[in-house]
Every structure is written in C-alpha cells, then in structure tokens.
Amino acid sequence: MKINRTIIKNIALNFMGALIYALAINSFLIPSKLGEGGVTGLMTIFYYWVGFPPALTNLILNGILLFVGWKMLSKQTVLYTIVAIASISFWLKLTSQIQFKLNDPLVAAIIGGVLMGIAMGIIMKGEGTTAGSTILAKIMNKYFGIKTGSAMLGFDLMVAVPSFVLIGFENMFLTIIELYISAVVLNKMLEALALCPVKYTDQIDKNFRRLGCGIVPRSSRFCLCKRVWY
C-alpha cells in the first residue's frame, strides 16, 4: 500500500506540475512572443516560425532525449518523466486558448519564469523531469554535482540566445531574464527545510548525510536539517 500511495502521489505531482508548465507557456510566454530554453525553446521557435503545434513538438523532441535518459538515469525517473511529458502535451493542447496579453512583456517574463520554476520543482519532487535540458541537467547534477537549476540555465541559454533571429533582441533579452528567474525558483524549490529533535540528532545524522542533508543547531531543542532533493 505504501508503494502504491507513493506512485499515486508522484503521478499527481507530475500532472499538476505539467499544468503549471503549460500555463506558463500558453498564457504568458507565447502571447508576449518570448522564447525559452532547451526543448521548450525549440518548441516556441517552431511555433513562431511555421506554426507547428507545441504539444506535438514536445512529444517528438523529448522522445529522442528520453532515449538518452533511459540509458543514463534511473528507470523510475524516466517512467515518471514519460508521465510528465504526456501530461505537458495534454495540457498544452487543452490550455492553448488561455492567453494573457500583458502590456509589459517584462511582467510576462517574470510571471512565466516563476511559474516555470515552480512547475519543474513540483515535477522533480514527483521524481520526474520535463525532459529536454532537464534530463541533461540532472545528468550533470548526478555525475558532476552541479546544481540542477544552474545546469539547466546553461543548456537553455544555448537555445535562447540564437532565438533573437525570430523574436528580436529585446525579447531574447527578456527570455534570458525569464530563464534566470526560473533557475533561481527551481533551485529554491529543490531545497527543503525540516526540523528534527536534537536528542535524535546522533541517531539520524548518518542517514541524513546519506540523503544529502546537513544538520545545523537551530535551538536547544531542534536542529535544522536541509535536504537537497537532487
């Protein structure tokens, strides 16, 4: 029963994160003609260029990267990622008409960045990824210890910077701001804080350290246990 509850929880997190992800793209980025990074950036480029449906681009390009992820990441993560990708395409199709045309594209970039960071954080907490540069970033995190959000920013810029050809220099600059905001939000979301009783610190310190947590005295009764999920 415990395993089943975990699976249900993770699927729900991936489904919910996918909804927020799709809303960030359809409701804020596309109406202001902003780009993105990684596969999502290519998704918007194909949409602006030839009107190719983002939901379909998401399935095709991420399917290729999932093959790489299957070889280099755990099968469980890849399986949850399949759920996330399918959910993102589903929500991209369903929310395609929900658009907010804001007067200031900077506001759209800020809101879009915050929503993207939250969405990716929720999906990763559900043990999945949004594929694309997220898979590459998780590989960098797993093997080189680079923060997931920071690695994603690097890969995303490789797509975002050349996009100025289609969206213009100003919107390309706003896209970089959006990517930076999403990376900061993601890194914050992947750091969970918890309190543990001091009297149990010696017993659980070894386990917390194995999970990537550091124990810091917070008061005479509690310690602060900081856990990085990935």
With sequence neighbours excluded, tell me which residues meet side chain to side chain contact (heavy atoms under 4.5 Å, CB included) with I118.
I20, V114, I122, V185, M189
For residues 156-166, which side-chain donor-acceptor pairs fall under 3.5 Å, sequence neighbours excluded?
| from | atom 1 | to | atom 2 | distance (Å) |
| --- | --- | --- | --- | --- |
| D156 | OD1 | G38 | N | 3.2 |
| D156 | OD1 | S133 | OG | 2.6 |
| S163 | OG | A160 | O | 2.4 |

On a heavy-atom basis, the closest approach of A119 and G17 is CB-O, 3.3 Å
Of all pairs that satisfy ring pair (Phe, Tyr, Trp, His ring centres under 6.0 Å), the ones with a partner from residues 115-135, not counting sequence neighbours
none
Qualifying side chain to side chain donor-acceptor pair (under 3.5 Å) pairs, either residue in residues 94-115, two or more places apart:
N26-T95
Distance-minimising heavy-atom pair for V39 and L65
CG2-CD1, 3.6 Å
Compare all side-chain heavy atoms of M116 with those of L186 and state whether any distance is below 4.5 angstrom.
no
Mind checking whether I85 and N58 have side chains closer than 4.5 Å, heavy atoms only?
yes
Pairs involving residues 7-66, ordered by first then second residue, that meet ring pair (Phe, Tyr, Trp, His ring centres under 6.0 Å) (sequence neighbours left out)
F15-W91, F28-F100
Residues M43, L92; criterion side chain to side chain contact (heavy atoms under 4.5 Å, CB included); working and verdict:
CA-CA 11 Å; M43 196 163 62; L92 280 171; 4.0 Å; yes
If you compare all heavy atoms of G41 against all heavy atoms of T44, which two are closest, and at what distance to 0.1 Å?
O-OG1, 2.7 Å
Atom pair CG/OG1 of N62 and T130 - distance to nearest 0.5 Å
7.5 Å
Could you check if a side-chain atom of L102 sits within less than 4.5 angstrom of a side-chain atom of P31, using non-hydrogen atoms only?
no
Can you name the closest pair of heavy atoms from A84 and I123 and give their distance?
CB-CG2, 4.0 Å
Looking only at non-hydrogen atoms, find the nearest pair between S89 and A55 and report the distance.
OG-O, 2.9 Å
Has the side chain of N14 got a donor or acceptor atom that lies under 3.5 Å from a matching backbone atom of G126?
yes
In a table with atom names and distances, give each donor-acceptor pair under 3.5 Å that connects a side chain of residues 167-179 to protein atoms at least two apart or in another chain.
| from | atom 1 | to | atom 2 | distance (Å) |
| --- | --- | --- | --- | --- |
| N171 | ND2 | S32 | O | 3.3 |
| N171 | ND2 | K33 | O | 2.9 |
| T175 | OG1 | G35 | N | 2.8 |
| T175 | OG1 | N171 | O | 2.8 |

Could you give the distance from CG (L13) to CD1 (I8), rounded to the nearest 0.5 Å?
12.0 Å
Out of L59, I60, L61, which one pairs with T57 under the side-chain contact (heavy atoms from CB on, under 4.5 Å) rule?
L61
Rounded to the nearest 0.5 angstrom, the CZ-CG distance for R5 and N10 is 13.0 Å
Between the CG atom in L115 and the CD1 atom in I110, the distance rounded to the nearest 0.5 Å is 12.0 Å
Side chains of E36 and L29: closer than 4.5 Å at any heavy-atom pair?
yes
